[in-house]
Amino acid sequence: MQPDAYRPAVLLLSEEAVCHDFAELLPTEMSVRIFGELDTASLCCASRTCRTWNHIIEASEQLWRNQCLLVRALCQREVDGDRRDGLSWKVALVRNYSRSRLKSAWLKGRFSFVRSADELLGRTMTPLDAETWGEILQAELDR
C-alpha cells in the first residue's frame with residue numbers, strides 16, 4: 001500500500017457536474033480562453049459540437065480575430081482589405097483561410113516540381129492575385 005503522499009488524487013464530481021461540460025460550468029471568458037488554444041479547423045469543429053459551444057465561439061470576436069491574424073501573416077493585403085471593407089474577423093478569416101493554406105504550400109516549395117497541370121488534379125486550389133503569384137515565383141527563383 002502506498003503512503004498518502006503518493007496516492008493519486010481522485011476528483012469527485014457531483015451528479016450535477018457530470019451532466020455538464022466545462023463551457024457550462026466556467027465563466028464565458030474562461031471558455032473563450034480554452035477555445036483560443038484551438039487551431040482554425042478545430043475551432044470550427046468545436047462550434048458545431050453543441051449549442052453552448054456554438055454560442056460562445058460565434059459570439060467571440062476575440063477568437064476569430066486571433067485566428068484571422070494568423071492567416072493575415074500570409075495574406076495581409078487580402079485580410080486588411082476585407083477589414084477595411086467592414087467585414088468581421090470571422091468573415092475575413094473564412095474568405096482567406098484556403099488562400100493562406102495554398103499560399104503557404106506554394107511558398108514552402110510543395111509544388112516546386114510540378115511539370116503539368118495534370119499533377120494538380122484533385123487538389124483544392126483557390127484564386128490568387130498577381131502580387132501573390134509574384135511572391136511565389138520569387139520564392140521559386142530563390143530556391
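Quantities reported herein were computed from a predicted structural model and do not represent experimental measurements.
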query: With sequence neighbours left out, what residues match Asn66 under side-chain contact (heavy atoms from CB on, under 4.5 Å)?
result: Gln62
query: Do Thr132 and Arg77 touch side chain to side chain, with heavy atoms closer than 4.5 Å?
result: yes
message: Could you go through Asn96 and Arg99, starting from their C-alpha distance and side-chain angles, then the distance that decides it, and tell me whether this counts as side-chain hydrogen bond (donor to acceptor under 3.5 Å, both in side chains)?
response: CA-CA 5 Å; Asn96 294 292; Arg99 184 175 293 121; 2.6 Å; yes
- request: Would you please name every residue forming a side-chain contact (heavy atoms from CB on, under 4.5 Å) with Glu29, sequence neighbours left out?
  value: Pro27
Return all side-chain donor-acceptor pairs below 3.5 angstrom for residues 67-75, not counting sequence neighbours, or 'none' if the list is empty.
from	atom 1	to	atom 2	distance (Å)
Gln67	OE1	Thr40	N	3.1
Gln67	OE1	Thr40	OG1	2.5
Gln67	NE2	Leu38	O	2.8
Arg72	NE	Asp80	OD1	2.7
Arg72	NH2	Asp80	OD1	3.4
Arg72	NH2	Asp80	OD2	3.1

- request: Identify, with sequence neighbours excluded, every residue that meets salt bridge (Lys or Arg N to Asp or Glu O under 4.0 Å) alongside Glu61.
  value: none
query: Under the salt bridge (Lys or Arg N to Asp or Glu O under 4.0 Å) test, which residues partner Arg95, sequence neighbours left out?
result: Asp82
- prompt: What's in the same ILVMFWY side-chain cluster as Leu87, cut-off under 4.5 Å, chained through other members?
  reply: Val91
- request: Can you sort out the partners of Arg48 under salt bridge (Lys or Arg N to Asp or Glu O under 4.0 Å), two or more places apart, ordered by chain and number?
  value: none
- line: Here the gap from Ile56 atom CD1 to Leu26 atom CG, rounded to the nearest 0.5 Å, amounts to 9.0 Å
- prompt: Do Arg101 and Thr126 come within less than 4.5 Å of each other through their side chains, counting heavy atoms only?
  reply: no
message: Quick one, Leu102 and Leu128 - any side-chain contact, counting heavy atoms below 4.5 Å?
response: yes
task: Quick one: do Glu119 and Phe113 satisfy side-chain contact (heavy atoms from CB on, under 4.5 Å)? Show the steps, please.
output: CA-CA 10 Å; Glu119 293 180 33; Phe113 302 104; over 6 Å; no
ring-ring contact (aromatic ring centres under 6.0 Å, His included): pairs with one or both residues in residues 66-96, sequence neighbours excluded: none
message: Suppose we screen for side-chain contact (heavy atoms from CB on, under 4.5 Å). Which residues come up paired with Asp85, at least two apart in sequence or across chains?
response: none
query: Between OG of Ser47 and CG of Leu63, what distance do you get to the nearest 0.5 Å?
result: 10.5 Å
- line: residues 29-48 vs ring-ring contact (aromatic ring centres under 6.0 Å, His included), sequence neighbours excluded, gives Phe22-Phe35, Phe35-Trp53
message: Let me confirm one number: the CD1-NZ distance from Ile57 to Lys90, rounded to the nearest 0.5 Å.
response: 9.5 Å
field: OG on Ser31 to CD on Glu24, rounded to 0.5 Å
entry: 9.5 Å
query: So, do Leu43 and Asp39 sit near enough that their side-chain heavy atoms are less than 4.5 Å apart?
result: no
field: Atom pair CZ (Arg143) and NZ (Lys108), whose distance is rounded to the nearest 0.5 Å
entry: 11.0 Å
- request: Any ring-ring contact (aromatic ring centres under 6.0 Å, His included) involving residues 121-143? Give me the pairs, sequence neighbours left out, ordered by first then second residue.
  value: Trp106-Trp133
message: My understanding is that only residues two or more places apart in sequence, or in another chain, count here; which of them pass side-chain contact (heavy atoms from CB on, under 4.5 Å) with Ala105?
response: Arg110, Phe111
query: Heavy-atom distance under 4.5 Å between the side chains of Leu93 and Val79, does that happen here?
result: no
query: Is Gln138 reaching over with its side chain to a backbone N or O of Gly134, donor-acceptor style, under 3.5 angstrom?
result: no
